[in-house]
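Data block below; observations after.
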Amino acid sequence: MKVLLSRKDTVKLLILSELMRNPECNQRDIARKLKITPQAVSEHFKELIAEEYVRVLHKGFYEVTEKGREWLNQNLLDLHLFTEELLSKIYSSSIVVIAKGRISEGSEVEYWFEDGYIFAREKEGGNGVALTSAEDGEDVLVKPTGMFNPPGKGEIVIFRVPMIERGGSRSTDIELLKRLLKEKRRHIVVALGIEALVSCRKAGVEPIFFGAKNVCVEAAHHGSGVIAVVTETLSEDLIRTLVDEGLSFDVIEGIIQKS
């Protein structure tokens, strides 16, 4: 597991692995595959050659040496043992999920992420076992017995409303906001700014207001869709946060367009 504690060793392992998997690849191919700069890959290759983990066959082509294979083998074995231990701990634990349909204690179930929550339903050969019984929509305790797909990032739609100096909620296209809320009725709704809060209320929804930015980020990371109604003066701060978090988003201008 030491290889995970050093970025240099992690990149070294990835480079050696790529050379083993694809002997025809060159430095530029590896840089593109690992999404790091060609200059950084070049520096790593210099060290690998100096350490005698890699030898140059001819210009632009390389081969992993026996010493490199031994290093790679040992570190891959350490990673394998680490992941085996981690998976055994995950599978020996239990999780609380929401039942889809009736679930009987002891039945095999399938559990999955959806809209930021974990659901389960009875399914033979699934990836878990129910430790309690539950009716549809109730909480149920599940012991994992297999793998599951982690949640993807949730969709974020920023609905930008004008600041009070430009009319605030009175200049917001409330009908457009209503249509958005109806179209994406399963999304969490948050509001940043008083003008945004009032616009949501005029559209018939009470949004999450306090801690709205943190809720937006956390919900999206857990796979839940989010509609963020935002006063225009606060939108740039939210956008910077989403970019830093690696979350994608769409922006809808919510000001009434004058003809």
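These numbers were taken from a predicted model, which means no experiment stands behind them.
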Distance (rounded to the nearest 0.5 Å) between Asn22 CG and Asp29 CG: 7.0 Å
Show me the donor-acceptor pairs, under 3.5 Å and distance only, between side chains in residues 161-169 and residues at least two apart or in other chains.
| residue | atom | partner | partner atom | Å |
| --- | --- | --- | --- | --- |
| Arg166 | NE | Glu232 | OE2 | 3.0 |
| Arg166 | NH2 | Glu232 | OE1 | 2.7 |
| Arg166 | NH2 | Glu232 | OE2 | 3.4 |
| Ser169 | OG | Lys202 | NZ | 3.1 |

Under 4.5 Å between side-chain heavy atoms, counting indirect links through other Ile/Leu/Val/Met/Phe/Trp/Tyr residues: same cluster for Leu13 and Val11 or not? yes
Tell me whether His222 at atom NE2 has more than 12 heavy atoms from other residues, nucleotides or ligands lying less than 6.0 Å away. no
Pair Lys67 + Glu70, salt bridge at N-O below 4.0 Å: no
Show me the side-chain donor-acceptor pairs of residues 40-53 shorter than 3.5 Å, one per line, residues at least two apart or across chains.
| residue | atom | partner | partner atom | Å |
| --- | --- | --- | --- | --- |
| Glu43 | OE2 | Lys46 | NZ | 3.4 |
| Glu51 | OE1 | Lys12 | NZ | 3.2 |

OG1-CZ distance between Thr172 and Arg160, expressed to the nearest 0.5 angstrom: 12.5 Å
Check for me, please, whether Leu180 and Ile156 land in the same ILVMFWY cluster - side-chain distances under 4.5 Å, paths through other members count. no
What pairs of donor and acceptor atoms, side-chain ones from residues 134-141 against any protein atom, are under 3.5 angstrom apart with sequence neighbours left out?
| residue | atom | partner | partner atom | Å |
| --- | --- | --- | --- | --- |
| Glu135 | OE2 | Arg102 | NE | 3.1 |
| Asp136 | OD1 | Gly101 | N | 2.7 |
| Glu138 | OE1 | Glu135 | N | 2.8 |

Minimal heavy-atom distance between Phe209 and Ala191, with the atoms involved, is CD1-O, 3.4 Å
What's in the same ILVMFWY side-chain cluster as Trp112, cut-off under 4.5 Å, chained through other members? Ile98, Tyr117, Phe119
Just how far is it from atom CG of Leu176 to atom CD1 of Ile256, taken to the nearest 0.5 Å? 10.0 Å
Hey, any chance Ile252 and Leu192 share a hydrophobic cluster, counting ILVMFWY side chains that come within less than 4.5 Å of each other, even indirectly? no
Student check: side-chain heavy atoms of Ile174 and Lys178 closer than 4.5 Å: yes
Sequence neighbours left out, what passes side-chain hydrogen bond (donor to acceptor under 3.5 Å, both in side chains) with Arg240? Give chain and number order. none
Ignoring hydrogens and angles, tell me if any N or O in the side chain of Ser104 forms a donor-acceptor pair with the backbone of Ser107 under 3.5 Å. no
Separation of Glu253 CD from Asp173 CG (nearest 0.5 Å): 11.5 Å
So, the side chain of Glu108 versus the backbone of Gly128: is there a donor-acceptor pair under 3.5 Å, distance only? no
Atom pair CZ (Phe159) and CG (Leu177), whose distance is rounded to the nearest 0.5 Å: 4.5 Å
Is the shortest distance from a Lys or Arg side-chain nitrogen in Arg186 or Glu114 to a carboxylate oxygen in the other one below 4.0 Å? yes
Do other residues, nucleotides or ligands put more than 12 heavy atoms under 6.0 Å from Glu124 CD? no
What one should report as the nearest heavy-atom pair of Lys213 and Leu238 is CG-CD1, 3.8 Å
Going through the distances and angles, do Arg55 and Thr65 end up as a side chain to side chain donor-acceptor pair (under 3.5 Å)? CA-CA 6 Å; Arg55 70 168 62 93; Thr65 65; 5.4 Å; no
For Lys184, give me all partners under side-chain hydrogen bond (donor to acceptor under 3.5 Å, both in side chains), at least two apart in sequence or on another chain. Glu155
Under the criterion side-chain contact (heavy atoms from CB on, under 4.5 Å), I'd like the reasoning laid out for Leu247 against Phe249: C-alpha separation, chi angles, the key distance, then a yes or no. CA-CA 7 Å; Leu247 295 168; Phe249 55 88; 5.8 Å; no
Taking every heavy atom of Leu19 against every heavy atom of Val54, the minimum-distance pair comes out as CD1-CG2, 3.9 Å
Side chain of Asn73, backbone of Arg69: donor and acceptor closer than 3.5 Å? no
In the single-linkage hydrophobic clustering (I, L, V, M, F, W, Y; side-chain heavy atoms under 4.5 Å), do Ile255 and Val157 co-cluster? no
Ignoring hydrogens and geometry beyond distance, is a side-chain donor-acceptor pair present between Ser133 and Glu105 at under 3.5 Å? no
May I have the step-by-step check of side-chain contact (heavy atoms from CB on, under 4.5 Å) for Arg121 and Val109, ending in yes or no? CA-CA 5 Å; Arg121 60 178 166 230; Val109 298; over 6 Å; no
If you look at every heavy atom in Ile188 and Ser224, which pair is closest and at what distance? CD1-OG, 3.5 Å
Here the pair of heavy atoms bringing Ile208 nearest to Ala212 is O-CB, 3.7 Å
Shortest non-hydrogen contact between Ala220 and Val226, atoms and distance: N-CG2, 4.2 Å
So if I apply the side chain to side chain contact (heavy atoms under 4.5 Å, CB included) rule between Ile158 and each of Leu242, Ile227, Val229, which one comes out positive? Leu242
Taking NZ, NE, NH1 and NH2 as the nitrogens, is one of them in Glu18 or Lys33 under 4.0 Å from a carboxylate oxygen of the other? yes
Do Gln74 and Asp78 have side-chain N/O donor and acceptor atoms under 3.5 Å apart? yes
How many angstroms lie between CD1 in Ile15 and CD in Gln27, if you round to the nearest 0.5 Å? 8.0 Å
